[in-house]
Each structure stands twice: as structure tokens, then as C-alpha cells.
Amino acid sequence: MTVPLPLSAAEIERTRAPLERATMLPGAAFTDPGVLDWERANLFRGGWICAGHVDQVRERGQYLMLDVAGESVLVVADDDGLPRAFLNTCRHRGARLVFMPEGTLRRLQCPYHAWTYGLDGSLRSAPFTDGLEDFDPGCFGLHAVRLAVVEGLILLDLSGEAPPPQDHIGDLATHLAAYRTADLRRARRIVYDVGANWKAIAENYSECLHCPGVHPELNRLSHYLSGVTYEGAGAWCGGSMTLAEGVETMAVEGTPHNRPAIEGVDPRSILYFLLFPNALVSLHPDYVMLHTLWPVAPDRTQVVCEWFFEAPTMAAADFDPSDAVGFWDQVNREDWHVCELTQAGMSSRAFTPGRYTTQETDVHAFDVMVADRYLEAALVS
Ligand code: FES
Ligand SMILES: [Fe+2]
């Protein structure tokens, strides 16, 4: 059943205009449960989303459990250490197979009546089914979910019908490859519960106009006007910022750190990218961050934030990521605060969408990606 989109083509078109004339997304896009239902069905279950980084599923049996817009999905490394994705639903009586966000499985066995599956999803053992008529174990493997790994990012397509993943990620792959994101190791993961719409968080990530006021500590390390916008093929937007004179890393100031820049990258630049719809990828000279956004309600989003470093850096005896993690944990919390203020203000009955400033080209670019998808649905209905 298709989910109707409670927005008109006319109000969506106002966002798709060039920035100088455009109006921001309608308030209902941030507050109406019907819009979120549509987005969950069409953006999160209907195309590529980012599930995380391959470092979480490198070893046989290592797994992640994700709630993708109401579908529980298991991503697990198979016998060859390659990630595969399945619906987290047993083919016997439907129990969840795993119930922790991540971990390592010795074997994939349902906790209810012990049906056992291979890490390729095939049904291997189902007690007391030998005498059944017309029961073919080959037809009772786990439901597979389409998965692709691009430069270390795990992408899922629950619809199975999205265009090739290379089309989705486009030229962003080149930037990720330069940082060898596929080889990086995860050092930390923090999960935040944010009282704001997922798009408000994506928009906030896409501009630094708020940085002098909201993140004075960040603005000292890289000036909010120091960046340029990048363009290229694929469903992403973003650009660069430049480290201030004498600054080597975005971290708590005054903390000694021992992290060489990733070989071959510009040690003065930080690249910030948003891969539609739910991944925020920040490429720093000496580490990489990944935020993934998981809408829970129109005014609530779970944000998973992870920090990645090169393997030799992490293997050093004195490796300590707390200066980078602590810095961004504070910046994250400052961001969530203003996102929550925005969400609260937008719920005013008098709210009407604002105008983009000339410092919000990436906010506009993200909103246009959303509006393009809305418009397809509005025109169909
Ligand atoms: S529900 Fe999984 S074995 Fe019964
Ligand atoms: Fe911010």
C-alpha cells in the first residue's frame, strides 16, 4: 500500500527554486506524522540508506542490528567475512533472531525454538520438521536485504529496486577513497536521542553560519567562512573548511595527540559531506566521523556518531582518541540543542517557512534532494 504525502506540489516547488528565490521546506515536513510515514516508506525503506561502517562487521559472525524505519535488519559478516543483510525475523514463528545493537554470533540460531541459519541466511536445522509434507528447507532461508559496501560505508536498499549504489554515491566515492575510509577502524560510538526532526539535523550539519555563536571553540579552529562548496554526481552535498593557522586537528585544545595525517590527504582541510538521506561523513586530516540519522518520530531522531582512525594510529601504545571524541561530543550537544530549539519553534501555529541566506547553499541542496523526492510523490497522487 502506498503512503500518501500530505504536501502540495506548489509548496514543494517553492523549495526547488534557485536559492535566491527559494523558500524553505514546509513546516509540516518537520511536524506532520504523515510526512514522516511517507519518508520512512519512501526514503528509508524505499532506497539506499547508510547502515554504518564495515569495521563493525569484519570478522565472521560480527553483526549489527538496525531499525530501518520499522523493519529490524541484521547485518552480519558471513563465513568469508563479507557483510550480508537479512530481515531480523525467524522463518518459523517470526521471532527476532538478535536483539542487541551489535555483537558477535557463534552461530545464527533463533532463541525461541532453535531454528538455525547459516551466515548466508540458509536454513540449516529446524527440529521436528522431518515428517512434514511439502516442507522444503531451501524455501525457508532468511529474507535477504540488498546490501552494498562503498568505500567502507554499508548501504542497504530494503526495496531491492533502487538504482545501482555507484549512482547513489557518485563522485563522493573519490573523496572517500582518498581517505581510505574502507580501511579505517572504529574507536568510539556514541548514540544520542535528539528531540528534533531528522531533516533539521541534516540541515544543521550542512551550514556553519551558526558556528560563531553556537560553537565558538570550533570557530577558533576553523573559521566558519573558510570553506568552499563541492559539486559532483550522486545524491550528496557538502564541501570543505580550512584549519586555522597553527591548528593541526579538530580536538580539545592543549591536549597532546599523536596522530599523523592520513597519508596523501590535505592536512589543512576538513571535508563535510551529507550522503542522502541519513549519513553525515566528516573527513578530517587525522580521523573520520560518521553520523547516521534514524528518525523515531517527527520530533525525535536517534543519531549514531562514530569516530574512525587508521589502524596503525590506533595500534600505537599511546593512542587516545578522547581529545577528538570529547571535542565533537560537545559540538554535537551544542548542535542538538539548537536543533531542538528549531523543532520547538516550528511547532508554533504562526510558523511559515523562512528564506535561505547565501551561506546556506548546502542546506538548500539537501532540501532540494528531499523536495525532488516529495514532488515525484505529489505529482503521482
Ligand atoms: S520462532 Fe524461531 S525457531 Fe521458532
Ligand atoms: Fe553545528
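We count ligands from 1, going down the list as the structure has it; atoms in each ligand are counted the same way. Here the structure is a predicted model, which means the values were calculated and not measured.
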Quick one: are the ring centres of Phe308 and His53 less than 6.0 Å apart?
yes
Linking I/L/V/M/F/W/Y whenever any side-chain heavy atoms sit under 4.5 Å apart, do Met250 and Val331 land together?
yes
Establish, yes or no, whether a centroid distance under 6.0 Å links the rings of Phe309 and Phe319.
yes
Taken by chain and residue number, the protein N/O/S atoms under 2.8 Å from atom 2 (Fe) of ligand 1 read Cys90 SG, Cys110 SG
We want to know whether Asn332 and His291 form a side-chain donor-acceptor pair, criterion being a heavy-atom distance below 3.5 angstrom.
yes
Residue and atom names of protein N/O/S atoms that fall under 2.8 Å from the Fe ion (ligand 2):
His210 NE2, His215 NE2, Asp335 OD1, Asp335 OD2
Going by the angle between their ring planes, with limits at 30° and 60°, are Tyr205 and Tyr272 parallel, tilted or perpendicular?
perpendicular
Tell me whether the rings of His284 and Tyr287 are parallel (<30°), tilted (30 to 60°) or perpendicular (>60°).
parallel
Answer yes if the side chains of Asp329 and Tyr192 hold a donor-acceptor pair under 3.5 Å, and no otherwise.
yes
Tyr230 vs His175 aromatic rings, parallel, tilted or perpendicular, using cut-offs 30° and 60°?
tilted
Check the angle between the aromatic planes of His168 and Trp48 and answer parallel, tilted or perpendicular using the 30° and 60° thresholds.
tilted
